[in-house]
Protein chains: 2
Amino acid sequence: MNIGEIARRAGVSRSTVSYALSGKRPVSDDTRRKIQQVVDELDYQPSASARALANGRTSTLGLVFPPAGNHYTGMQLDFIGSVVEAAAVYDYDVLLSPSGVDSDRSFQRLLGERRVDGAILMEIKLEDDRVDHLAAVGFPSVTIGRTARPEGGWWVSLDHTALVEACVHHLADLGHRRVAFVNRPEQLLRAGYESAHRGLDGFTKAAAERGLTVRTYCCGDDAASGQACVERILRDDPATTALVTLNEAAVGGLYRGLALAGRHVPRDFSVTGVVAGHWAETVTPQLTAADVPAAELGRLAVDLLVERLDHPDAPPRHHLLTPPISLRASTGPAGATPAPDAGPAGATPVADAGLDTAP
Amino acid sequence: MNIGEIARRAGVSRSTVSYALSGKRPVSDDTRRKIQQVVDELDYQPSASARALANGRTSTLGLVFPPAGNHYTGMQLDFIGSVVEAAAVYDYDVLLSPSGVDSDRSFQRLLGERRVDGAILMEIKLEDDRVDHLAAVGFPSVTIGRTARPEGGWWVSLDHTALVEACVHHLADLGHRRVAFVNRPEQLLRAGYESAHRGLDGFTKAAAERGLTVRTYCCGDDAASGQACVERILRDDPATTALVTLNEAAVGGLYRGLALAGRHVPRDFSVTGVVAGHWAETVTPQLTAADVPAAELGRLAVDLLVERLDHPDAPPRHHLLTPPISLRASTGPAGATPAPDAGPAGATPVADAGLDTAP
DNA sequence: TTGAAAGCGTTACCAT
DNA sequence: ATGGTAACGCTTTCAA
């Protein structure tokens with residue numbers, strides 16, 4: 001079924017059908033009704049390819065995210081979901097491209113074959129060749145996260161520096177003096193992922209301001225790595241009483257490692273960081289954390305991109321978000337109990353996972 | 001840059017350029033080289049829209065999944081990731097469509113506007129109008145999950161019935177006699193989601209076979225609901241010693257509820273179910289569960305769809321998977337400790353979250 | 001208010 | 001082995 005057939009059956013020209021459907025030119029009520037009737041009858045919908053070829057717009061947005069090696073973090077996936085739903089509001093479809101670098105085939109297709117009108121990029125690096133490329137060719141795009149020099153760009157981003165600083169200050173206010181930082185995997189840090197770098201910067205800066213004794217760690221995106229990381233932390237400095245983490249997927253393992261070492265959260269060890277809100281509420285004790293507003297970030301990114309597409313000459317805009325820390329149950333005053341000796345854990349009492357059943 | 005320009009610069013016709021690039025017709029080495037050189041020089045890539053219009057294929061697969069109300073479960077998101085990566089292997093892009101029903105705008109676009117060559121559907125209902133529609137119009141598609149009458153269809157699916165049966169038998173073998181079932185939200189059950197129904201069937205069947213005393217519950221997809229659900233379970237029958245769940249997102253809350261009620265997992269309460277493997281290892285104690293092979297299901301779905309696209313007359317194929325139960329740390333023999341009385345929880349000792357630090 | 005016709009950039013058939 | 005040319009199905013300019 002094509003527009004010519006509709007035109008014939010409605011007794012009008014193809015252009016009239018096109019205009020009746022798009023509303024880009026007035027059409028008399030009579031002919032419009034006639035056309036609409038035929039359209040409804042045959043359940044006609046114009047071909048996306050033909051339309052895209054004719055008017056140069058695909059009504060599709062690209063969402064570029066790194067390939068998942070193992071699997072995705074809750075945060076990344078929340079982004080994907082929120083972007084897709086926000087795009088649906090504007091009647092845009094979303095094409096997924098698992099591309100970590102400029103040269104990925106899928107990324108090349110997206111741009112080179114003009115499959116999308118604009119793109120949203122996730123997991124930005126401080127130096128990001130995908131971003132550079134898009135900027136160089138003037139392709140409409142918005143990043144979730146920002147590069148080392150975000151000036152003049154379109155982006156939405158979390159202020160990881162400020163967020164981690166807030167975490168450190170929160171712990172320092174509670175009296176913690178020896179604090180560890182659990183970052184994303186070393187591989188990502190080395191690759192220059194901005195959240196890992198800016199988070200680390202914030203940690204270092206705030207810790208210096210407060211005169212804390214600190215150590216920083218990279219940690220794989222899984223529970224086993226989290227557990228191993230805690231073991232290293234307590235081995236390196238048994239007097240450590242708190243940690244800050246950006247590593248959502250490791251939190252379960254961090255908790256387990258602490259419990260196995262006989263450290264009760266939050267009584268004798270505090271944990272905080274930057275993770276998705278619903279995830280923070282899943283673990284026990286619930287995590288005091290800066291809740292990543294993934295849904296809002298995704299929506300804002302789409303809003304920005306649509307604005308940019310509608311107004312090609314609009315000046316660059318961005319949103320830098322600094323969500324507050326949600327006080328939950330994983331942080332408490334330092335020194336309530338002196339940290340146990342560095343001896344093997346097996347001898348100490350079993351942890352109680354931070355539950356306080358007594359009022 | 002278009003194919004005409006390439007042809008002109010290479011001194012050949014457009015069709016020759018097309019054939020040189022697609023390899024669908026022999027081209028002399030000389031002209032091929034000449035063309036390739038111009039193509040490389042100008043970084044030419046054919047327009048996806050024009051190509052799709054001309055040859056009727058978009059090289060895009062649609063992935064249809066329900067809108068996320070609140071947010072997605074880890075399982076759903078693993079599917080999305082694995083489908084996208086599997087599709088990339090075949091040089092297919094993936095277009096996302098958040099559509100729960102046949103009439104969703106996004107779903108209509110996918111099909112009506114012929115944006116994709118084929119579709120993969122997630123979160124299938126026993127009676128699914130999207131599936132019916134696709135079958136009726138003969139649109140190439142594969143479902144992850146299967147309807148009440150999957151005969152003659154293309155699908156990959158988990159055998160939820162068998163999986164939950166296995167969980168029940170595992171618990172019965174351990175001596176549990178009073179077991180609860182924690183299903184997905186009631187709304188999904190009522191809507192007819194197949195995993196919820198088939199899982200429930202398996203539970204009921206196996207429990208009857210083993211002569212167990214059971215109760216079944218629906219539970220929201222979040223920690224708070226899980227916690228509330230456990231409270232109901234222990235109120236309804238304080239002698240309950242185990243539960244089976246399909247509700248991945250509730251597990252954290254289930255654990256918390258049990259701990260708050262003074263039930264130690266696995267010493268005096270066992271928990272098992274069907275969840276993603278990496279998630280099962282995140283919680284403490286690690287969950288004994290049938291690990292959902294999301295990545296494999298996604299890959300198999302893409303394989304099937306690509307096969308179907310390549311061979312339009314191939315007979316329907318499917319894969320029914322029954323992954324084994326991974327024994328972890330959340331189940332144990334019943335009756336090690338008699339269940340406490342039904343009194344209010346506050347008075348009982350604090351839980352230790354199932355950690356055994358002593359050898 | 002409507003129609004005719006020229007693109008949009010490919011592919012693929014029919015010639016040569 | 002290559003070229004010419006009609007599709008593919010729509011949008012949009014130009015005319016009336």
Side-chain angles (χ1 to χ4, degrees), chain A residues 1-36 38-39 42-60 91 93 108-117 309, chain B residues 1-39 42-60 91 93 108-117:
Chain A
M1 189 48 45
N2 62 36
I3 200 173
E5 182 67 16
I6 304 294
R8 221 169 36 66
R9 300 209 190 195
V12 297
S13 73
R14 298 183 315 185
S15 52
T16 299
V17 174
S18 177
Y19 285 121
L21 258 31
S22 71
K24 292 188 181 175
R25 170 168 110 172
V27 171
S28 80
D29 277 1
D30 255 17
T31 46
R32 157 172 298 111
R33 253 192 301 277
K34 182 74 190 147
I35 290 170
Q36 192 59 51
V38 177
V39 164
L42 301 185
D43 195 24
Y44 166 76
Q45 287 181 264
S47 146
S49 305
R51 165 176 293 173
L53 180 57
N55 72 7
R57 303 172 9 85
T58 61
S59 298
T60 303
D91 279 350
D93 285 319
Q108 289 295 321
R109 276 203 301 269
L110 219 62
L111 299 190
E113 301 184 359
R114 281 138 293 171
R115 282 177 184 269
V116 300
D117 296 335
L309 290 171
Chain B
M1 189 49 44
N2 61 35
I3 200 173
E5 183 67 17
I6 304 294
R8 217 168 40 68
R9 301 207 189 197
V12 297
S13 74
R14 295 182 313 182
S15 49
T16 299
V17 174
S18 177
Y19 286 120
L21 258 31
S22 71
K24 293 187 181 175
R25 169 167 110 173
V27 171
S28 80
D29 276 1
D30 256 17
T31 47
R32 157 172 300 111
R33 251 192 301 279
K34 181 74 191 148
I35 289 170
Q36 191 59 50
Q37 186 185 329
V38 177
V39 164
L42 301 183
D43 194 25
Y44 165 76
Q45 286 182 264
S47 146
S49 304
R51 164 176 294 174
L53 180 58
N55 73 4
R57 303 170 10 84
T58 61
S59 299
T60 303
D91 279 349
D93 285 319
Q108 290 295 320
R109 275 202 302 269
L110 218 63
L111 299 191
E113 301 185 358
R114 282 139 291 170
R115 281 177 185 269
V116 300
D117 296 335

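Naming convention: chains lettered A, B, ... in sequence-line order (proteins, then strands); numbering from 1 in each chain.
Distance, B/Tyr19 OH to D/dT5 P: 15 Å, rounded to whole Å. Here the P atom of nucleotide D/dG9 and the CG atom of A/Leu42 are 15 Å apart, to the nearest Å. Going from atom CD1 of A/Ile6 over to atom P of D/dC10 covers 8 Å, rounded to whole Å. D/dA1 atom P lies 18 Å from atom NZ of B/Lys24, rounded to whole Å. Rounding to whole angstrom units, CZ of residue A/Arg25 and P of D/dT13 are separated by 11 Å. Between the CD1 atom of A/Ile35 and the C1' atom of C/dG3 there is a distance of 12 Å, rounded to whole Å. Taking atom CG on A/Asp29 and atom C1' on C/dT2, their separation rounds to 15 Å, with Å as the unit.
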Polar atom pairs (N or O), protein with nucleotides 5-9 of chain C, under 3.5 Å:
none

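Under 3.5 Å, the side chains of A/Ser59 and A/Arg51 contain no donor-acceptor pair of N or O atoms. A side-chain donor-acceptor contact under 3.5 Å links A/Asp117 and A/Thr58.
Along DNA chain D, the nucleotide nearest to A/Gly4 and the one nearest to B/Arg32 differ in position, and the one closer to the 5' end is contacted by B/Arg32. Along DNA chain C, the nucleotide closest to B/Ser18 and the one closest to A/Thr31 are compared, and the more 5′ of them pairs with A/Thr31.
One finds the CZ atom of B/Arg14 at 12.5 Å from the CZ atom of B/Arg8 (value rounded to the nearest 0.5 Å). Separating the CG atom in A/Leu21 from the CD1 atom in A/Ile3 is a distance of 7.0 Å, to the nearest 0.5 Å. Of the inter-residue distances, the one linking A/Ser15 atom OG with A/Lys24 atom NZ reads 13.5 Å to the nearest 0.5 angstrom. Here the OG atom belonging to B/Ser47 is positioned 6.0 Å from the CG atom belonging to A/Leu53, to the nearest 0.5 angstrom. Here the CG-CZ distance, from A/Asp91 to B/Arg109, works out to 4.5 Å after rounding to the nearest 0.5 Å.
Under 4.0 angstrom from either OP1 or OP2 of D/dG3 there lies at least one side-chain N or O belonging to B/Thr16.
Contacts of B/Ser28 with the nucleic acid, taken as non-hydrogen atoms under 4.0 Å apart, involve only primed sugar atoms and P, OP1 or OP2.
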